[in-house]
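Structure first, then comments.
Values in this document were obtained by computation on a predicted structure and should not be read as measured data. Here is the naming used below: chain letters follow the sequence lines, and residue numbers restart at 1 for every chain.
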There are 2 protein chains.
Amino acid sequence: MDAADTENTTENAADGTGEPDDSWGEVAPDAARRLLLAAVEAFAERGFHATTTRDIASRAGMSPAALYIHYRTKEELLYQISRVGHERSVRILTEAGNSAVTPADRLAAAVRAFVRWHAERHTTARVVQYELNALAEEHYAEIVALRRRSEEILRGILQDGVAAGDFTVPDVRGTALAVLSLCIDVARWFRSGGTRTPEEIGELYAGLVLRMVGAPAFPAGETAGGEGRGA
Amino acid sequence: MDAADTENTTENAADGTGEPDDSWGEVAPDAARRLLLAAVEAFAERGFHATTTRDIASRAGMSPAALYIHYRTKEELLYQISRVGHERSVRILTEAGNSAVTPADRLAAAVRAFVRWHAERHTTARVVQYELNALAEEHYAEIVALRRRSEEILRGILQDGVAAGDFTVPDVRGTALAVLSLCIDVARWFRSGGTRTPEEIGELYAGLVLRMVGAPAFPAGETAGGEGRGA
DNA sequence: GTCTATACGACGATAGAC
DNA sequence: GTCTATCGTCGTATAGAC
């Protein structure tokens, strides 16, 4: 309970770049961090309900009882993973959405970064995005609020683009949902051994989305590069 | 085991239109059908592993033991749901993909029908698309083959469009995956009480996808109607 | 074909020694 | 803070009467 309260989300703000998978780099005692990492792997592989606390503990090289020194329940592990993951999602979208001036550049940056995170950290992202309904009622409500913020950020960019006459979108709310949905689903199908790198998928998707919203000067996106060209 | 072998997938080929949710209309004895329906609901609500056989049986108005008269294991229920659902997916894509001449019309029809099914039958679709990895090894392999066929159908349409000069797609394989992914994810977020009908979402998505692939004469799709206008 | 009763294992979580 | 041992519960699946 004590150790689980990870306030480290402000550090390492350089976004997902490089390392295997430590968005958890600074979780309180080392044992708590190892348990969290083990839980992420197990939940991603088998799902929350199919994962046993014995499995998590043994992956972390500990006895079944050791888990309960650092976390009150199995669900609390999921909650920590989910909370930190969603906070990171919101931050990625916020920062990318503010990193440029024109709506097209902002949208491209947001999609690029969001997709990249879902591919690069697909193990974490899978748990964050697809194990939501295993959360306790109160925790679920908290997470849903974070998800609504992500939705609003994206909708804001689309609205700005429409207002500026840069995008042509008949249904802003529905399109924002579709874009988010497209990005999130990357976590479901992405595999590490595949032919495309997270960067390539981010670039491909940024192009697809810009065309979806009718951004001009985007008849067929280049396969890589072109940092923020679009409007 | 006997009753579970539903060969009725050839009937009712008019695709998902109307009724609450009986893609299962003709499963052998009535009790087996009720159990299947109960399993779909329970799996969609809580997930496969969180659902107990007691829960399924009681939803069907039966004792816990009754389930095993009609199905050997809980996993066999999931397998039947998954198999029938994936067969239907392939058929929807095949028929819609053959229902028109130009690649743009074919793509629009495929997306429209596929999305509509995922929204209309979102309970079934949720199980079909998101409980895959709870399947036994052999069943999983069979289902993956069906999924590959869906992928190939969509990729075929995109290739035809590129060959005909109607689409501009830098990465056909990646884009086919993205389109499929976009449609599938509808099952995750769709709720029955929402503001949009399955038809409206299908229409919206068909427009978004046509723009994604650079189909000409699609600067901003109309919100509804326009059966197969696009190229 | 459906029931009641139950075998048997595994799971989440705790107790208490070290 | 970590261990071994264990409690109580509930899960899937079966046995046998009706």
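- Residues that satisfy the side-chain hydrogen bond (donor to acceptor under 3.5 Å, both in side chains) test with His139(B), not counting sequence neighbours, are Glu75(B).
- Spacing between atom CG of Leu78(A) and atom P of dG12(C) amounts to 13 Å, rounded to whole angstrom units.
- A distance of 6.5 Å separates CG of Leu180(B) from CG of Leu93(B), quoted to the nearest 0.5 Å.
- The side chain of Ala65(B) lies closest to dT14(D) when the candidates are dG1(C), dT14(D), dT2(D).
- Taking atom CG of Leu67(A) as the reference point, atom P of dC3(D) lies 11 Å away to the nearest angstrom.
- Residues Arg147(A) and Ile184(A) come closest through the heavy atom pair NH2-CD1, 4.1 Å.
- Within the structure, a side-chain polar atom (N or O) of Tyr68(A) is placed less than 4.0 Å from OP1 or OP2 of dA13(C).
- With dA15(D), dG12(C), dG11(D) as the candidates, the nucleotide lying closest to the side chain of Thr52(A) is dG12(C).
- Arg33(A) contributes no side-chain N or O that, together with a main-chain N or O of Val27(A), makes up a donor-acceptor pair within less than 3.5 Å.
- Protein atom OH of Tyr71(A) is 14 Å distant from nucleotide atom P of dA13(C), rounded to whole Å.
- Across residues 53-64 of chain A, Thr53(A), Arg54(A) each have a non-hydrogen atom less than 4.0 Å from an atom of DNA chain C (numbered order).
- The distance between atom NZ of Lys74(B) and atom P of dA10(C), rounded to the nearest whole Å, is 16 Å.
- Remark: Arg148(B) does not engage Glu152(B) in a salt bridge, criterion side-chain N to carboxylate O under 4.0 Å.
- Remark: P of dA13(C) and CG of Leu77(A) are 10 Å apart, rounded to the nearest angstrom.
- Listed pair His49(B) / dG11(D) fails the phosphate criterion, with no side-chain N or O lying under 4.0 Å from OP1 or OP2.
- Remark: P of dG1(D) and CZ of Arg34(A) are 13 Å apart, rounded to the nearest angstrom.
- The list of ring pair (Phe, Tyr, Trp, His ring centres under 6.0 Å) pairs with a residue in residues 172-210 of chain A, not counting sequence neighbours, reads His122(A)-Phe190(A).
- Following rounding to the nearest Å, Ile69(A) (CD1) and dG12(C) (P) show an atom-to-atom distance of 17 Å.
- Arg59(B) and Ala42(B) make their closest contact through NE-CB, 3.7 Å (heavy atoms, listed as atom of the first residue, atom of the second, distance).
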